[in-house]
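Notes follow the structure.
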Amino acid sequence: MKFSVKAWSTSKGNPAARTGVFQLGNCPQIETPALLLSTRKGLPHFISPDLLPSLPLPDSSLLHVSPLHFMEGISSKTISSIGGLHKMLGLHDFGLAAVARDSIQCLPESSASNKLGASFETPCGRLLIKPAEYMGIISSLRPNLWATLADEVPAWVSKKRNKNSVDRTVKWLDECVALSPAGGVAFGAIVGGSDVEERRRCAQEVVKRNVSGYWIGGFGFGESTDERPALLSAVTDSLPKDGPRLISGLGLPEEVLQGVAAGIDLFDSSYIYHLTIGGFALTFPLDNKTYASDLKLTGMGIDQTKINLKATVYRKDATPIVESCSCYTCQNHTKAYINHLLNVHEMLAQILLEIHNTHHYLGFFRSIREAIKEGRFEKFREMFVEKRRNHLAEVAVCA
């Protein structure tokens, strides 16, 4: 793994925002802030390997995989005998990052975790994953990057439970590193719930360990938007400047902007999956200057970032999702066709939507990087959030 910071934000409000370059295994060099694509057992949910080249490269070369997905189906031992996950999937030029939590099927269940291991709700039911078991799967999959096991807790737990989660996470980090296979890059897990001091304490402990980067967990579990900046800053202020930071749980555009403002480099998000499965397509302008003039308050499932293509208003709409979009979906298909596919429950609808939404969201990250380099990230962020708030206020009045 190679990582270096190339530029810092010159905006007065967000001096921590930064751009960099990140290289993992045989994966081509990628600029950060960057998005890790959510996968099911190593592949995007609806995009087959032959369609991966239709996504923007190299931005789409980082894939998130949950080791817990392999608790069912093909065993991790079989994958190991094949030569690892890269070889099994044929994704030799992609970077695989293994993080236990995936925010779709493998969610932490803090009430059932104990000093022996972390509990997760999985397709196989509730499982208690111990560090040795977790590292056994990591050794079989052979990902380029893996995060140590963490005890993630929601925002409402007691101070005592929060402290225990930090103690367990640091203890499991030591156990995971001691069992780590050769060739993988370890990211130390940082938790702490909604307690700023526990977040800072965990970060300071992890920095003392021999890890190559940092995975920040415990977000998206009930903390408010207002308290999140302080929690993020408590962590990033305690980390060395030259280490890459990966975070889970921040997926919405506004949440990504909060993370970037705090100095996060990599985002593991299931946002694209949830949009796609719901029949939504991203439509917000990537230049952040103006919103499409045809987006009216007409009950079309619009919130000024996305449209609901299941709505009947699109039944005869012969235009692409976004006129200026260069993705395969927008270049070849119309809203009317995708509306039809959704209404007859054809899987092709999800394939076309995931291609567009991935392409569009990667473009959003590209716009963020350009804003940081040009010294206008704070203005970019303020404009995006302000337009969203104004639109939501209009919707409330109309309702």
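Heavy-atom minimum distance, G192 versus R199: C-NE, 3.8 Å. What you find for P44 and E354 is that their closest heavy atoms are CB-OE2, 4.0 Å.
For the side chain to side chain contact (heavy atoms under 4.5 Å, CB included) with L62, the lone residue among F94, F22, F267 that qualifies is F22.
Note: Y328 and H359 fail the aromatic proximity criterion, with ring centroids not under 6.0 Å apart. The six-membered or imidazole ring of Y271 lies away from that of F280, with a centre-to-centre distance of 6.0 Å or more.
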request  = Determine, step by step, whether H45 and S38 satisfy the side-chain contact (heavy atoms from CB on, under 4.5 Å) criterion, reporting the C-alpha distance in whole Å, the side-chain angles of both residues, the deciding distance to 0.1 Å, and the verdict.
outcome  = CA-CA 8 Å; H45 298 270; S38 174; 3.1 Å; yes
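Of the possible donor and acceptor atoms, none in the side chain of R18 sits under 3.5 Å from a partner among the backbone N and O of V5.
The distance from atom CZ of R245 to atom OG1 of T32, rounded to the nearest 0.5 Å, is 10.5 Å. Between the CZ atom in R369 and the NZ atom in K6 there is a gap of 14.5 Å [rounded to 0.5 Å].
Dense packing is recorded around CG of D50, with more than 12 heavy atoms of other residues, nucleotides or ligands lying under 6.0 Å away. The 12-atom threshold is not exceeded at CZ of R315, counting heavy atoms of other residues, nucleotides or ligands nearer than 6.0 Å.
Take K316 and apply the side-chain hydrogen bond (donor to acceptor under 3.5 Å, both in side chains) test, not counting sequence neighbours, and it matches no residue. Residues passing the ring pair (Phe, Tyr, Trp, His ring centres under 6.0 Å) test with Y337, sequence neighbours excluded: H333. F187 is linked by a ring pair (Phe, Tyr, Trp, His ring centres under 6.0 Å) to nothing, counting only residues two or more places apart in sequence or in another chain.
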